[in-house]
Amino acid sequence: MLSYSIKRLLMLIPVLIGMTLIVFGIIHAIPGNPAQTILGTKATPEAIHNLNQALGLDQPWYIQYFTYLKNIFSGNLGTSIQDNMPIAREIWPHLAATIELSFVAMVIAVVVGINAGIISAWKQNSALDYSAMILALIGVSMPIFWLGLLEQWLFSVKLNWLPSIGRLDIVSTVRPITNLYLIDTLIEGQFSQFWMVVRHLILPAIALATIPTAIIARMTRSSMLEVLKSDYIRTTKAKGERMGLIVYKYALKNAFIPILTVIGLQTGLMLGGAILTETIFGWPGIGLYVYNAIQYRDYPVIQSGILVIAFLFVMVNFVTDLLYGLIDPRIKYR
Amino acid sequence: MADSILEVKDLRTSFFTDDGEVPAVDGITFSVKEGEILGLVGESGCGKSVTSLSIMGLLPSPPGKIVGGQILYKGEDISHAKESRMRKLRGNDIAMIFQEPMTSLNPVFTIGEQLTEAIRLHKKMPKKDLEARAVDLLKMVGLPRARELLKEYPHELSGGMRQRVMIAIAMSCDPKVLIADEPTTALDVTIQAQILDLMAKLNRETHTAIILITHDLGVVAQVCKRVVVMYAGKVVEQGDVRDIFNHPEHPYTEGLIRSIPDLFSKKDTLYTIKGSVPKPGSIKKGCLFAPRCPYVMDKCRTAEPELTGDRHKSRCFLHREDA
């Protein structure tokens, strides 16, 4: 397991280098002079010259790249053009908001999706199976923005059960410690605040979880069906094991590899691509942060935002790979 | 003579498909006595495996279903027993090993976990005794490095070793009946002999009755005392191995015996029985073997012979006075 992990870790290096190269290239892919673009059409040549110098854009590209790498490693992600704040400091609360939302959504998707898939496979061709798979089909086909609006209309406007916007009620604040409000409120022992954070999470988490839930359910069903037909499950039955335990213990572990792949991919997508959900629910996450930066043409923020999202994606896949090795003993030896 | 531990009486198992009912096992009767090794012989598709799955209550259902007859274990009819009752019997009283050792062990659980599973289910045993029992079982089936093996995974073992593990699992609760469905088919010849010796040894030492299902009469001759020959879902001949080998009454049995390869034969080609087992339900009238029988008579095409005889039974007109 250790050598497998180390091997995977080493394989990360070229991926990360490639990632930084591409993100670095973005600023150079913008047509014309970046400084000109940043400063706008009315900028004086002197201002452009100064900015070029400040950004190091007068250096050869490889020097620029190494400066860029050096900055990243020292935790310097550049400065936002909008408010002149260091991005590294600004980005974390947004990232934390996205991580919190994605985590809750993924927990929902995994719990609901896997169970729905298992029951579908276990009771194949039953009414339960058909209804679960029809729901899953609706889930994959549902446009998130529309589902989000429906949720807000029903649960916030009509029923007034849950808040529709933001991470917190407008009047309240949470002292940011980790910026993961679920944790922060618990650390401070503010249980009513914790409950408020939960209530704010429910609607966006459900909207964000819908597609992954459906995909996980379908993958679980097909993977499970195959495993349940296998010889080793017959062996377990021949020992007199209960069907429930056969399905949830002996079959699920075998069926889990393809499910884990889907979970990993969907988690990666959530962390980077929750822009729709975040926009609809006014969720101050990284998606919304980058989206706003795009509207302001805040290139350093866009660049760093993409870098962070890509980095998360790579790390999620790395963790997925390690989990493969934990689940299937054969993988380490390949 | 010892009492029968397992009796199969007029068992009928059918598969219900889109084309209607397909009788895979069509009224077979045989019994297994305590501590004996019974051979159940026939070609692929003759209903051997369906018989064993029927006994275990492990038929894929739907489409498989027991539609008639009885399966008596110690006098109790288990052919339509509740699932909860069957779970108590499976692995504990009646155990089974399968044809394919490479895929019959769960690839993501250790040998130890799989070996102790049935014991954990059926016997109350303290955890520390469990490991000792597992080590004993592995030693009993002749596996070296027993203690280390417990922590290994199936993919680290060879086919022969895996089949030994399967046997150890089946024997883990001291079952009264062990059903071995083609246990040596997927193995090398030398390993085959070892596995058969092992099963014979276990039979002598533990007095577990074994139903050895095979298509290989050579295997039967090696370890069984009595043999049941099946053809197209029916028993065509049964009796002591010696009687059957010396005086086969059914032409199918004769064909099976003649097709055993002989090292000293001068012939270049092996004997084969022409044709193949008919699709269940496809022959409506007469003897099911008639289309392939070298001695076929007019009568065989119109009437179906009964299974007659005392200790040595057969289903053929050839050896009857009225023929």
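Contact check for Arg330(A) versus Tyr153(B): no side-chain heavy atoms found under the 4.5 Å cut-off.
In this structure, the separation between CD on Glu117(B) and OG1 on Thr235(A) is 9.5 Å, given to the nearest 0.5 Å. Atom CG of residue Asn106(B) and atom CG of residue Asn254(A) lie 4.5 Å apart, to the nearest 0.5 angstrom.
Heavy-atom neighbours of Glu76(B) CD from other residues, nucleotides or ligands within 6.0 Å: above the threshold of 12. Around CZ of Phe311(A), the count of heavy atoms belonging to other residues, nucleotides or ligands within 6.0 Å does not exceed 12. Around atom CE of Met11(A), no more than 12 heavy atoms belonging to other residues, nucleotides or ligands sit under 6.0 Å away. Shown here is Arg242(A), whose CZ atom has no more than 12 heavy atoms of other residues, nucleotides or ligands within 6.0 Å. The 12-atom threshold is exceeded at CZ of Phe318(A), counting heavy atoms of other residues, nucleotides or ligands nearer than 6.0 Å.
Heavy-atom pairs under 4.5 Å with chain B were tallied for Lys249(A), Lys239(A), Lys237(A); the largest tally goes to Lys239(A).
Looking at Leu245(A), neither its backbone nor its side chain comes within 4.5 Å of chain B, counting heavy atoms on both sides. With a threshold of 4.5 angstrom between heavy atoms, Glu83(B) does not approach chain A through any atom at all. When heavy atoms are compared at a cutoff of 4.5 Å, Ile97(B) does not approach chain A at all. Only the side chain of Leu58(B) comes within contact range of chain A, with heavy atoms under 4.5 Å apart. In this structure, no portion of Met86(B) lies under 4.5 Å from any heavy atom of chain A.
Smallest separation of non-hydrogen atoms from Ser104(B) and Arg234(A): OG-NH2, 4.4 Å. Residues Pro329(A) and Pro107(B) share a closest heavy-atom pair of CG-O, 3.4 Å.
With Thr103(B) contributing its side chain and Asp231(A) its backbone, the two residues share no donor-acceptor pair below 3.5 Å.
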### Task
Apply the test side-chain contact (heavy atoms from CB on, under 4.5 Å) to residues Gln114(B) and Tyr250(A): give CA-CA distance (whole Å), side-chain angles for both, the deciding distance (0.1 Å), then the verdict.
CA-CA 10 Å; Gln114(B) 300 189 56; Tyr250(A) 296 98; 5.8 Å; no
